[in-house]
Amino acid sequence: MKRRQFFGASLLAGLPFISRAEPGYIAPGDPGYDQSRQLFNSDLSLKPAFIARCRTEVEVVKAINFAREANLAVSVKSGGHCFMGSSMSDGSLAIDLGGMSQRVYLPESQKLIAGPGVKLGKLYDVLLPKGRILPAGSCAGVGLGGLALGGGYGLFSRQWGLTCDHMERVKMVNGVGELVDSRDDPELLWACRGGGNGNFGVVTSMEFQTRPVRATFGAQRFVARGFSEVKAIKLMKAWFEIAGGLAEPIFSAFVFNGKQISILLTTSFTTGGPVFRKACAALRRAGFSAKSPTNSPTARALRRYYGQPGPLPFYNVSGGYYHGYADVKKAAALTAQKVMGTSGLIFQVNTLGGAITRGPDSAYAHRKFPFMGEIQAYWERKSARDQLIEDVTVIRKAIGAKAHYRNYPDPTLENPSEAYYGESLLQLKALKIRYDPDNVIRHAQSL
Ligand SMILES: Cc1cc2nc3c(=O)[nH]c(=O)nc-3n(C[C@H](O)[C@H](O)[C@H](O)COP(=O)(O)OP(=O)(O)OC[C@H]3O[C@@H](n4cnc5c(N)ncnc54)[C@H](O)[C@@H]3O)c2cc1C
């Protein structure tokens, strides 16, 4: 079969050993290159030497072999939502799995077989009409690949566990171009449950157990405004105390944005239940005013959290995992001062715990923590960018958490692998040597 050549003479001059690439590979200057390297975070502009848009395992094997031959690092992209763009790097061969977005629901076993490139919104479109869900994140555009391989939490995680806890089988092309199936190598499944992001292979297919979902989903928002910094700290403390006692079907988020604090409380049951109402009453007593509760058909309710289609410029990092308010106490005053004084800066804490604490044996190392923080910065004017980024890092360092979520990466962490993988790190490092001895698959924070 005749193969098309996709890159120009100037690039080939830099890579004299490459005579031709597989069909579908694109390089700088080719039509579609700039579109294909676009990440969700438009503040990032990374320029791989080639982008291989793979649709099958065989194409992934060929891409790895091509990269090995050409001595190129391999970066792996599913949904392109990584905060710091670790799915692409300058001069690499970027394997784009956006086309591997198959999603097959097996009614008899209630399992889902999915490609890494499927976006969460599309996944829910398949599962929700069948009364099923894969507990995962809330934003529709996030790729299942990156989300599940790093953990994956959301509105149903306290009730059912993380996305990676539902993973029962994976197939991966490793760094030497071999296809590995977790049925033959159970340690691969262990690793991909929280430790699989761009570290030692390209995951091409995943099988998940799904869960039943009720027809109605309840939610209520609470808001506080016009507070002082001292009052903001009291509200934060009160939320941690209330959220620490929630029943497992209830999720909560604390969102401190400028001069407003919003609390989201959601439930897989209805907002009229006694446990939900007790939490609402406690929030009101703490000083939050309640918005009207909603009990909507689940598919419609979840769409409210689908987020913007993007791309957009931002700088988000993990704020760390916490046991409770005591873990953020020393940084609370500084956080309140920065957030209230800087437009575009957000400090958010989400509830974990519940079923996550009982998850299966996995590389995900931070099950014991009931809370996770995220520090976010958004800007409309580029002139605000650098100060916001500095403020994010100042807050993160002031909190000083040691454990961080792999899917909320922070380029300024001193020991990212320890922070992300904790006690799983040694075993993951050993697997890296087994699956990718030449470190072909790599990015700025890979193992
Ligand atoms: C708007 C937004 C909302 C979010 N909401 C949530 C949320 O509700 N819950 C949550 O848990 N997280 C959330 N996240 C974080 C999200 O989980 C991570 O950004 C995740 O890594 C994105 O996956 P992706 O496939 O879209 O990203 P990508 O950027 O494509 O990949 C992320 C990382 O995974 C690696 N990777 C991707 N696919 C593969 C593969 N097939 N094989 C091997 N490595 C692979 C990449 O190399 C990269 O290192 C959100 C992020 C954003 C930007």
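Quick note: residue numbers are just sequence positions, from 1.
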query = What is the ring orientation for F240 with Y322, classed by angle as parallel under 30°, tilted 30 to 60°, or perpendicular over 60°?
reply = perpendicular

query = Should we count NZ of K330 as having more than 12 external heavy atoms under 6.0 Å?
reply = yes

message = Less than 3.5 Å apart, any donor N or O on the side chain of S383 or R381 sitting next to an acceptor on the other?
response = yes

query = Should R303 and D125 count as an ion pair when the cut-off is N to O under 4.0 Å?
reply = yes

ask   = Between the main-chain N or O of S318 and the side-chain N or O of D410, is there a donor-acceptor pair closer than 3.5 Å?
value = no

query = Taking the side chain from Y33 and the backbone from P48, do they hold a donor-acceptor pair closer than 3.5 Å?
reply = yes

key: Polar side-chain atom of T298 near backbone of R214 as donor-acceptor pair, under 3.5 Å   = yes

request  = Kindly say whether the aromatic ring centers of F371 and Y325 come within a distance under 6.0 Å.
outcome  = no

Flag for S205-E207: side-chain donor and acceptor within less than 3.5 Å = no

inquiry  = Could you go through W239 and F222, starting from their C-alpha distance and side-chain angles, then the distance that decides it, and tell me whether this counts as ring-ring contact (aromatic ring centres under 6.0 Å, His included)?
reply    = CA-CA 11 Å; W239 176 80; F222 295 80; over 10 Å; no

request  = Using atom types as modelled and distance alone, determine if a side-chain donor or acceptor of T204 lies under 3.5 Å from a backbone N or O of K171.
outcome  = yes

query = Does the side chain of V74 reach to within under 4.5 Å of the side chain of V440, using non-hydrogen atoms?
reply = yes

key: Pair Y405 + H366: ring centers closer than 6.0 Å   = no

request  = Classify the angle between the aromatic ring planes of Y378 and F314 as parallel (below 30°), tilted (30 to 60°) or perpendicular (above 60°).
outcome  = tilted

Short side-chain donor-acceptor distance under 3.5 Å, S75 and S92 = yes

message = Under a 3.5 Å distance rule, please check whether Y408 uses its side chain to pair with a backbone N or O of G320 as donor and acceptor.
response = no

Residues R358, E248: salt bridge by 4.0 Å N-O rule = yes

task = Report the relative orientation of the aromatic rings in H81 and F40; use parallel for angles under 30°, tilted for 30 to 60°, perpendicular for over 60°.
result = parallel

message = Using only atom types and a distance under 3.5 Å, with no angle test, would you say the side chain of Q209 pairs donor to acceptor with the backbone of M167?
response = no

message = Check K47 with D34, please: is the shortest side-chain N to carboxylate O separation under 4.0 Å?
response = no

task = Would you check if F256 and L235 make a side-chain contact, meaning some heavy-atom pair closer than 4.5 Å?
result = no

query = Do side-chain atoms of S424 reach the backbone of A363 as a donor and acceptor pair under 3.5 angstrom?
reply = yes

task = Determine the interplanar angle of the Y435 and F200 rings, folded into 0 to 90°, and report it as parallel if under 30°, tilted if 30 to 60°, perpendicular if over 60°.
result = tilted

request  = Please determine, by modelled atom types, if D386 and Y315 share a side-chain donor-acceptor pair under 3.5 angstrom.
outcome  = no

query = Between Y321 and Y364, what is the ring plane arrangement, given parallel below 30°, perpendicular above 60°, and tilted in between?
reply = perpendicular

query = Counting heavy atoms not belonging to R385, are there more than 12 under 6.0 Å from its CZ?
reply = yes

request  = Check whether the side chains of R442 and S89 place a donor and an acceptor atom closer than 3.5 Å, and report yes or no.
outcome  = no

ask   = Sub-3.5 Å donor-acceptor pair from the side chain of H166 to the main-chain atoms of R211, do we have one?
value = no

ask   = T216 side chain to N295 main-chain N or O, any donor-acceptor pair under 3.5 Å?
value = no

Residues R367, D165; criterion salt bridge (charged side-chain N to carboxylate O under 4.0 Å, His left out); working and verdict = CA-CA 11 Å; R367 295 189 179 281; D165 299 345; 2.6 Å; yes

key: Heavy-atom side-chain contact between T266 and Y305 under 4.5 Å   = yes

ask   = Is a side-chain N or O of K291 found less than 3.5 angstrom from the main chain of Q220, in a donor-acceptor match?
value = no

